[in-house]
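These notes are about the structure you will find just below.
These numbers come from a predicted model, not from an experiment. What's counted below: heavy atoms across the whole structure, side chains too, no hydrogens, waters or symmetry copies.
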Amino acid sequence: MTAGHNLADVLERRAALGGWADDVAFLVDGRTFSHAEVHAGAARAASLLAAAGVGGGDRVLIALPDGIEFAWCFLGAVRVGAVAVPVNPRLTAADHAEAAALAAPAVVVCGAELAGRFSGRRVVEADGLEAALAAHAPSEPATVAAGDAAYAQFTSGTTGAPKAAVHAHADPLVYFDAFARRAIALTPTDVVFSVSKLYFAYGLGNSLFFPLLAGCRAVLHAEHPRADDVADLVARHRATVLFGVPTFYARLVASGRCEPWSSLRVAVSAGETLTVSLDRRARALLGCPVLDGVGSTEVGQTFASNTLDRSREGTVGAALAPYRVEVRDDRGRAVPAGRPGDLWVAGPTLLRGYLAGETIVRRDGPWLCTGDRAVLDGDGFVHLRGRTDDMDQVGGISVSPVEIEAVLSRHPAVGEVAVAGVVGRDGASRLEAFVVAAPGAASESRVEDELVALARAELAAFKVPRSVAFVEALPRTPTGKLRRFVLRSGTWPGEAGQVAQAAPNRSR
């Protein structure tokens with residue numbers, strides 16, 4: 001084992017060898033931080049954490065918004081040989097307590113306003129962190145193996161309680177080479193902005209690993225990403241790469257702002273399937289390619305994607321080397337091209353395990369079942385058909401909501417749409433469509449009639465929604481993924497805390 005495998009050390013040495021140590025790495029609230037300043041701060045943060053009692057193999061829970069403090073503390077924990085465990089700082093007190101119980105951290109790093117939530121644990125407050133770091137000498141990187149645990153990230157919780165997938169020091173180098181270099185050709189001249197936050201797997205790669213490995217700069221924004229804020233930041237910093245999720249691209253399209261996007265050379269979508277309709281609208285608005293891909297917290301980042309050189313509309317692209325994908329039946333046997341089944345992935349960055357030792361479901365040697373339903377075409381492109389647990393049983397027939405949503409999303413009055421089987425008072429499950437109307441949409445009753453007619457024209461009769469409900473927002477995780485198991489209940493908390501009652505306009 002050598003210190004040279006330590007991820008924090010690898011990133012610092014990459015900056016020196018690449019010649020970008022003095023170039024800007026992060027743009028945060030009007031301030032700039034060079035790559036050298038990022039790594040120097042991380043070396044001091046390692047000393048601060050060590051002084052607080054953190055040692056090799058310990059866990060450091062980091063409940064911070066996107067900002068330089070997150071970068072310093074994350075890399076500082078990795079540098080000292082601990083396991084960094086980011087968590088969304090906007091969670092409820094109960095969720096934070098659950099995350100802390102699961103992670104069992106030696107130290108929690110958070111803002112002063114959250115410190116009381118972690119009573120009984122040693123807390124390092126991030127307020128005034130920059131001044132506190134000045135009092136600590138830089139720490140040498142701990143000696144680790146490339147396969148040792150470096151960090152753990154919580155899954156998005158689309159199907160229930162999140163788990164924390166553990167990843168190794170060597171993993172981010174693979175993500176970078178597979179996606180950032182080969183798919184989007186990231187270079188030191190790029191400026192990236194990610195809607196997904198650093199405490200999620202997608203955002204951690206986009207805003208931390210990728211810029212530090214490519215020598216480019218990232219715009220960090222602590223607040224919840226609103227369409228107008230993102231547009232302003234992209235325009236101000238002349239961002240060249242935008243990372244988003246389908247939900248957010250729908251909001252950008254709804255905003256209709258065309259002027260901020262001239263600097264973009266590529267946009268990236270992940271998290272859920274990007275419908276063909278939204279893909280076309282987003283491309284028209286942004287004036288650049290929108291590359292859809294698929295990844296997971298268990299794999300660490302994107303493992304299949306459309307690329308600048310090779311893409312196919314309506315797919316999430318093909319496997320990115322060194323990853324491999326297969327579609328298998330319920331017995332785990334590979335199926336021929338064109339047949340649906342479960343998506344499996346193999347590659348060097350599959351999780352080492354879950355932080356609390358939970359069982360890894362459906363693992364087969366080097367292969368992991370992602371939980372997605374998919375079709376692999378003859379050219380190797382992956383066509384997603386929704387999550388395995390998204391499938392609904394209606395009248396004894398298995399139905400994929402994603403297929404229905406793809407049809408309904410083509411209607412110009414639809415901003416967002418989700419379909420689910422909702423169990424009625426009689427115990428029967430009926431397909432319902434939940435629609436967030438696009439700005440300027442016609443009357444709800446007219447749109448409902450047109451959506452049902454569209455579904456009847458293009459889908460089998462048992463796939464036509466029995467009703468259409470218009471809602472203010474769909475139930476989503478903080479990453480933007482649809483919580484379909486909540487949708488099936490017919491009611492859910494709205495964004496402002498109110499309960500959204502998804503009452504259908506009329507049954508059919």
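Around the CG atom of Asp22, the shell of radius 6.0 Å holds no more than 12 heavy atoms that belong to other residues, nucleotides or ligands. With a 6.0 Å radius and a threshold of 12 heavy atoms from other residues, nucleotides or ligands, Arg363 has its CZ atom above the threshold. Heavy atoms from other residues, nucleotides or ligands lying under 6.0 Å from CZ of Arg90 number more than 12.
A heavy-atom distance below 4.5 Å is not found between the side chains of Val85 and Ile62. Taking 4.5 Å as the limit, some side-chain heavy atom of Pro322 sits within range of a side-chain heavy atom of Val174. Contact check for Leu49 versus Val109: side-chain heavy atoms found under the 4.5 Å cut-off. Between Arg14 and Leu173 there is a side-chain heavy-atom pair separated by less than 4.5 Å. The closest side-chain heavy-atom distance from Leu474 to Leu482 is below 4.5 Å. Counting only heavy atoms from C-beta outward, the side chains of Val382 and Val325 approach each other to under 4.5 Å. Using a 4.5 Å heavy-atom cutoff, the side chains of Trp344 and Thr370 are not in contact.
In terms of modelled atom types and a separation under 3.5 Å, the side chain of Thr240 and the main chain of Val191 share a donor-acceptor contact. At distances below 3.5 Å, at least one donor-acceptor pair connects side-chain atoms of Lys197 with backbone N or O atoms of His221. Between the Tyr202 side chain and the Gly244 main chain, a donor and an acceptor come within less than 3.5 Å of each other. Between the side chain of His35 and the main chain of Cys216, a donor-acceptor pair closer than 3.5 Å is present. Judged by distance alone, with hydrogens and angles left aside, the side-chain atoms of Arg281 form no donor-acceptor pair with the main-chain N or O of Ala254 at under 3.5 Å. Without hydrogens or angle criteria, Arg312 side chain to Asp379 main chain gives no donor-acceptor distance under 3.5 Å. No donor-acceptor distance shorter than 3.5 angstrom exists from the side chain of Ser194 to the backbone of Asn206, with no hydrogens or angles considered. Formation of a donor-acceptor pair under 3.5 Å by the Arg122 side chain with backbone atoms of Ala52 is found in this model. Looking only at distances, no side-chain donor or acceptor of Thr275 sits under 3.5 Å from a matching main-chain atom of Ala406. The backbone N or O of Ala142 sits less than 3.5 Å from a side-chain atom of Asn6, completing a donor-acceptor pair.
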Step by step, would you call Leu61 with Val107 a side chain to side chain contact (heavy atoms under 4.5 Å, CB included)?
CA-CA 6 Å; Leu61 190 70; Val107 164; over 6 Å; no
For the pair Phe179 and Val268, evaluate side chain to side chain contact (heavy atoms under 4.5 Å, CB included) and give the outcome as yes or no after the intermediate values.
CA-CA 11 Å; Phe179 179 74; Val268 176; 3.7 Å; yes
Criterion side chain to side chain contact (heavy atoms under 4.5 Å, CB included) on His39 and Leu11, from CA distance to verdict
CA-CA 8 Å; His39 298 303; Leu11 296 174; 3.6 Å; yes
Do Asp279 and Arg283 pass the salt bridge (charged side-chain N to carboxylate O under 4.0 Å, His left out) test, and can you show the C-alpha distance, the side-chain angles, and the key distance before you say yes or no?
CA-CA 6 Å; Asp279 181 14; Arg283 278 187 278 135; 3.1 Å; yes
Steps toward side-chain hydrogen bond (donor to acceptor under 3.5 Å, both in side chains) verdict (Thr187, Thr189)
CA-CA 5 Å; Thr187 73; Thr189 62; 2.8 Å; yes
Can Cys110 and Val123 be said to form a side chain to side chain contact (heavy atoms under 4.5 Å, CB included), step by step?
CA-CA 7 Å; Cys110 63; Val123 173; 3.8 Å; yes
Thr307 vs Asp309, test: side-chain hydrogen bond (donor to acceptor under 3.5 Å, both in side chains). Steps then yes/no.
CA-CA 5 Å; Thr307 73; Asp309 297 328; 5.1 Å; no
Tyr323/Thr349 under side-chain hydrogen bond (donor to acceptor under 3.5 Å, both in side chains): CA gap, chis, key distance, verdict:
CA-CA 9 Å; Tyr323 298 104; Thr349 67; 2.7 Å; yes
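We find that Arg217 and Asp23 are not joined by a salt bridge, their nearest charged nitrogen and carboxylate oxygen being 4.0 Å or further apart. A salt bridge is defined here as a Lys NZ or Arg NE, NH1 or NH2 lying under 4.0 Å from an Asp or Glu carboxylate O, and Arg265 with Asp190 meets this definition. Between Arg31 and Glu130, at least one side-chain N (NZ, or NE/NH1/NH2) sits under 4.0 Å from a carboxylate O, which counts as a salt bridge. We find that Asp9 and Arg79 are not joined by a salt bridge, their nearest charged nitrogen and carboxylate oxygen being 4.0 Å or further apart. With salt bridges taken as basic N to acidic carboxylate O contacts below 4.0 Å, one links Glu416 and Arg476. Between Glu326 and Arg324 no salt bridge is recorded (no basic side-chain N to carboxylate O distance below 4.0 Å). We find that Asp342 and Arg385 are not joined by a salt bridge, their nearest charged nitrogen and carboxylate oxygen being 4.0 Å or further apart. Checked for salt-bridge contact, Glu313 and Arg280 meet the test: a charged N lies under 4.0 Å from a carboxylate O.
Interatomic distance, OG1 of Thr297 versus CG of Leu351, reported as 9.5 Å (0.5 Å rounding). A distance of 10.5 Å separates CG in Leu286 from OG in Ser263, rounded to the nearest 0.5 Å. Atom CZ of Phe303 is separated from atom CG of Leu368 by 8.5 Å, given to the nearest 0.5 angstrom. Atom OG of Ser269 is separated from atom CG of Leu278 by 7.5 Å, given to the nearest 0.5 angstrom. Separating the CG atom in Leu320 from the CG atom in Asp177 is a distance of 10.0 Å, to the nearest 0.5 Å. Residue Leu242 holds its CG atom at 7.5 Å from SG of Cys288, rounded to the nearest 0.5 Å.
Between Asp171 and Gln301, the side chains place no donor N or O within less than 3.5 Å of an acceptor N or O (distance only, hydrogens not considered). Under the 3.5 Å distance criterion, with hydrogens and angles disregarded, no donor-acceptor pair is assigned to the side chains of Tyr199 and Gln153.
For the pair Phe26 and Ser207, the tightest heavy-atom approach, listed with the atom from each and the gap, is CE2-O, 3.1 Å. Of all heavy-atom pairs between Lys163 and Glu358, the closest is CG-OE2, 3.7 Å. Smallest separation of non-hydrogen atoms from Glu37 and Thr32: OE1-O, 3.9 Å. In terms of heavy-atom proximity, Leu376 sits nearest to Gly380 at CD1-O, 3.5 Å. Contact detail for Val54 and Ala106: the closest heavy-atom pair is CG2-CB, 4.5 Å. Of all heavy-atom pairs spanning Ser311 and Asn306, the tightest one is CA-OD1, 3.1 Å.
Annotation: side-chain hydrogen bond (donor to acceptor under 3.5 Å, both in side chains) contacts of Arg117 (sequence neighbours excluded): His96. In this structure Tyr175 satisfies the side-chain hydrogen bond (donor to acceptor under 3.5 Å, both in side chains) test together with Tyr151, His167, sequence neighbours excluded.
Cation-pi check for Arg328 over Trp367 is met; the charged atom lies under 6.0 angstrom from the ring centroid and within 45 degrees of its normal.
Ring-plane geometry between Phe33 and Trp72 is classed as perpendicular, the angle between the planes exceeding 60 degrees on a 0 to 90 degree scale with a lower cut at 30.
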